[in-house]
Amino acid sequence: MGHRAAPVMSQISLNMPLRRIYSDAPGRTTGRTEGTPMKRYSAFAIAREAFRHHTGWTRAWRSPAPKSRYDVVIVGAGGHGLATAYWLGKNHGITNVAVLEKGWLGGGNTGRNTTIIRSNYLQDPSAALYEKSRSLFETMSQDLNYNVMFSPRGVLMLAQTEHEKRGYLRTAHANALQGIDTRFIGPKEVKEICPIMNTEGPRYPVLGGLWQKRAGTARHDAVAWGYARACSDMGMDIIEQCEVTGVTRDGGKVTGVDTTRGRIATDKMGIVVAGHSGRLAEMAGFRLPIESVPLQALVSEPIKPCMDIVVMANTVHGYLSQSDKGEMVIGGGTDAYNAYTQRGSFHHIEETVRSLIEIFPMISRLKMLRQWGGIVDMTGDRSPILSKTPVDGIFINCGWGTGGFKATPGSGFAFAELMATGKSPLTDAFSLDRFREGRFIDESVAAGVAH
Ligand code: FAD
Ligand code: PYC
């Protein structure tokens, strides 16, 4: 059993469902018992296990039955929910916490995204939040003692119209004032950085791009697994296959949740369920300015290394990077209808690939290996909501839309502060009130994905 806790990253493909890797075989018990400290991963541990046929690995996180009451209940064991729990324990000493997950942890958008991390946003509150997050990715592997494979390979957002060029020049100036290291580069430098690109047309020649050298990618599942392991080690309960089906209240105050594994009492609750936020809010008795839409991605068969940066081309609605295994990771815009199904329409894949072939003609010969979709939660201003709610004791973290993976550690850091203390400088601007008061944080350009 223990060997399942030692992920061999190179053997795990991007977006492979977690349950195929760590599936809970019936009748098995956890390798770790309550209170046993987790074993540190190290070069020495790998060597030791190699000598004893990997029989000594323990499970990365416990699988407990729910207790009847917790100080804090987090709904949703995606990256943001787990990061919130982690920072509640680490920064605020709150460890009597349950993270409830209706499926398997990381099986939502966290395990379905294309892992792009950057902080080149326009507005000050967003720049602060995304840059905090990007900087936390730099030390995450060490902080969690878990290799999240952060790869600061650089992200380039192409300008292919004069309008887009002006927009990115503006962002570069704003980023300079915010202390974020981006710059606008011309077509010659674009070609030097990414030689496989066709910068000369046919429809939209490349006029330059917004270049963030310290941006990049990380292994998405590993982020969820690393946080889960650290939370479990702090004594928190991560309860999978536990769907929240109702929220109980006493007047205007939360008293607990009904779940498929029984009622759990709490007077503090964080809703962190991405595309399902509207449904949870409805259970709690309030409404959100959110629409849920499918967003999909695909990977090609693996090929030899040919591209060592991430390129996003919003005019033609596509983006591209190469995974460590050699697959070309491809995505486009959202599907144009609301839905809760985790798949997208086929014509969308065709449009995305057709557009990208103009910029990367060499991908025309590749076969698609697999395709998948997630449900993203879109706000009108394309900025997230990190906020108290009309129900006392309930906090909401949602609205990350097409771009929340990059925000995972920073979102957890800030949301934990909000939940623990009632206030966080990083979340102030992102409250629900902004929709009533007209304080929108317009990030439709920085979102970088057509919608
Ligand atoms: P999730 O990971 O979706 O976690 C929410 C969890 O809540 C889920 O596990 C779900 O099962 C659970 N849940 C829902 N309802 C209930 C319930 N009733 N009871 C219990 N649990 C429940 N962002 C980037 O920054 N860069 C990218 O390159 C990028 N690419 C993307 C590509 C695709 C195809 C998709 C779909 C998204 C992409 N994103 C990207 C967006 C990013 O994936 C999300 O913003 C982010 O992962 C959201 O994380 P989360 O933890 O909030 O949500
Ligand atoms: O937010 O950078 C992003 C992104 C890229 C692909 C999907 N979202």
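Just follow the structure's listing: the first ligand is 1, and inside any ligand the first atom is 1.
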Using a 4.0 Å cut-off to any heavy atom of Thr115, which atoms of ligand 1 qualify? 27 (C), 28 (O)

A student checking ligand 1 against Gly401 at a 4.0 Å heavy-atom cut-off should list atoms 41 (C), 45 (O)

Short N/O distance, under 3.5 Å, between Gly404 and ligand 1? yes

Ligand 1 N/O within reach of Trp400 N/O, cut-off under 3.5 Å: no

Considering both backbone and side-chain atoms of Gly403, is one of its nitrogen or oxygen atoms within less than 3.5 Å of a nitrogen or oxygen in ligand 1? yes

Just to be sure I read this right, does ligand 2 sit under 4.0 Å from the backbone of Phe405, its side chain, both, or neither, counting only heavy atoms? neither

Please report which non-hydrogen protein atom sits nearest to atom 2 (O) of ligand 2, along with the residue it belongs to and the distance in Å to one decimal place. Arg118 NE, 2.7 Å

Close-contact set for ligand 1 against Cys242 heavy atoms, below 4.0 Å: 20 (C)

Any nitrogen or oxygen of Val244, main chain or side chain, under 3.5 Å from a nitrogen or oxygen of ligand 1? yes

Would you call Glu417 and Lys423 a salt bridge, using N to O less than 4.0 angstrom? no

Which atoms of ligand 1 have any heavy atom of Lys406 under 4.0 Å away? 24 (C), 25 (O)

Regarding atom 28 (O) of ligand 1: of the candidates Thr114, Asn397, Leu298, which has the closest heavy atom? Thr114

Side chains of Phe413 and Lys132 in contact at under 4.5 Å (non-hydrogen atoms): yes

